[in-house]
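Heads up, the thing below is written out as structure tokens.
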Amino acid sequence: MLRELLMTSRPVSWVNTAYPFAAAYLLAAGRIDWIWVVGTFFFLVPYNLAMYGINDVFDYESDLLNPRKGGAEGAVVDRSRHRGILVACAVACLPFLVVLGIVGSWQANLVLLGSMAALYAYSAPHLRFKERPFLDSLTSSTHFVSPALYGLALAGAGFDAALVAILVAFFLWGAASHAFGAVQDIVPDRAASLGSIGTVLGAKWTVRFAAAAYLAAGALLLFTDWPGPLAGLLALPYLANVLPHAGLDDEDSARAHAGWVRFLWLNYATGFLITMLLIWYALSR
């Protein structure tokens, strides 16, 4: 069961939610304290277990039709284990939410509540935001931007135009990434009668939407304080990664999986460069 829970939480993606919180809180608060440790660990493991665990349970039937599921990109766990996964998600998250709720301001708690609500609404029955085209990409992006927003709110950060531009750019990056990820699943999603931004726009236009969103994210960062404009250049590798798939027919949409694998590794390289820029920014203040 522990191995299944580990697979369900998708360790390859843990850093994508923990890093935004950790960086935002550290830069806003200017220190590493026990709140930073608790929050970082929450967004590293329990948050991902809940996000992907709920998804894997309620996407079970469609995942059976998806050839890329059953490994690092999503577990396919026997139905008999589903109740245990949902219980584990609740048990893992609840203590952290209680502690963070006690130490946080009402503004921070409101952000945390919204983050958890988006996590649940994406996959849970009846809501199923993941099956609502365009709302699927917006909600998915919220999963990754809200930890950063929460870190800022928890540290009592002040919001100016540059910080808002950074958050909006991050949100556009997240929406673009989800949209591109949806392309490779167009055929199995249609076979399972699931809606998504990919099934509505088709492969060509979904890739083009992702490219436009990446480009807009990079352009926004040009209006931030130095070295923010340098970070805007990091949108270019993502743009280069998706553009070769801009002519894909829906029948060949699975070929976008190669670009998705590159995207997963590209995140690590980009994360390293973002870290260097954040260190530069912190030392220059």
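All of these numbers come straight from a predicted model, not from anything done at the bench. Values below: every heavy atom of this structure, side chains too, minus hydrogens, waters and symmetry copies.
- Scanning both residues, A153 and V111, for their nearest heavy atoms gives CB-CG2, 4.4 Å.
- Qualifying salt bridge (charged side-chain N to carboxylate O under 4.0 Å, His left out) partners for R262, counting only residues two or more places apart in sequence or in other chains: none.
- Distance alone, capped at 3.5 Å, places no donor-acceptor pair between the N55 side chain and the S123 backbone.
- The shortest side-chain heavy-atom distance between R10 and D56 falls under the 4.5 Å cut-off.
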Listed pairs under 3.5 Å, donor-acceptor, residues 175-182 side chains, sequence neighbours left out:
| from | atom 1 | to | atom 2 | distance (Å) |
| --- | --- | --- | --- | --- |
| S177 | OG | W173 | O | 2.8 |
| S177 | OG | Y214 | OH | 2.8 |
| H178 | ND1 | S137 | OG | 2.9 |
| H178 | NE2 | Y122 | OH | 2.9 |

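- Counting heavy atoms from C-beta outward, M51 and F144 have side chains that approach closer than 4.5 Å.
- Residues passing the salt bridge (charged side-chain N to carboxylate O under 4.0 Å, His left out) test with D249 are K204, sequence neighbours excluded.
- Annotation: side-chain hydrogen bond (donor to acceptor under 3.5 Å, both in side chains) contacts of R255 (sequence neighbours excluded): none.
- No side-chain heavy atom of L194 sits under 4.5 Å from any side-chain heavy atom of T199.
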* To do: Could you walk me through whether L112 and F42 pass side chain to side chain contact (heavy atoms under 4.5 Å, CB included), step by step?
  => CA-CA 12 Å; L112 184 59; F42 169 69; 4.3 Å; yes

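- Side chain to side chain, N48 and T17 meet the donor-acceptor criterion of an N or O pair below 3.5 Å.
- Annotation: side chain of F129 is not in contact with side chain of L138 (no heavy-atom distance under 4.5 Å).
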* Start with the C-alpha distance between Y47 and S115, add both sets of side-chain angles, then the distance that settles side-chain hydrogen bond (donor to acceptor under 3.5 Å, both in side chains), and finish with yes or no. => CA-CA 10 Å; Y47 183 84; S115 181; 3.2 Å; yes

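- Side-chain contact check for C89 versus I85: some heavy-atom pair is nearer than 4.5 Å.
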Under 3.5 Å donor-acceptor pairs involving side-chain atoms of residues 22-32, not counting sequence neighbours:
| from | atom 1 | to | atom 2 | distance (Å) |
| --- | --- | --- | --- | --- |
| Y25 | OH | D33 | OD1 | 3.3 |
| Y25 | OH | D33 | OD2 | 2.9 |
| R31 | NE | D33 | OD2 | 2.9 |
| R31 | NH1 | A29 | O | 3.4 |

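- Under 4.0 Å is where a charged nitrogen must lie from a carboxylate oxygen, and between R128 and D136 no such pair does.
- By the 4.5 Å heavy-atom criterion applied to side chains, V187 and D250 are not counted as neighbours.
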* Going through the distances and angles, do L97 and M116 end up as a side chain to side chain contact (heavy atoms under 4.5 Å, CB included)? -> CA-CA 10 Å; L97 293 174; M116 298 306 294; 4.1 Å; yes

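- Note that the OG atom of S146 and the CG atom of L113 stand 11.0 Å from one another [nearest 0.5 Å].
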Please tabulate, for the side chains in residues 215-240, all donor-acceptor contacts under 3.5 angstrom to protein atoms that are two or more places apart in sequence or on a different chain.
| from | atom 1 | to | atom 2 | distance (Å) |
| --- | --- | --- | --- | --- |
| T224 | OG1 | L221 | O | 2.7 |
| Y238 | OH | N267 | OD1 | 2.7 |
| Y238 | OH | T270 | OG1 | 3.2 |

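- The side-chain heavy atoms of L248 and T206, taken from C-beta on, include no pair separated by under 4.5 Å.
- If you look at F41 and F96, their ring centroids are closer than 6.0 Å.
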* L44 and Y19: side chain to side chain contact (heavy atoms under 4.5 Å, CB included), yes or no, with the steps? -> CA-CA 8 Å; L44 185 72; Y19 184 91; over 6 Å; no

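- A parallel orientation is assigned to the rings of W260 and F263, their planes being inclined by less than 30° (bins at 30° and 60°).
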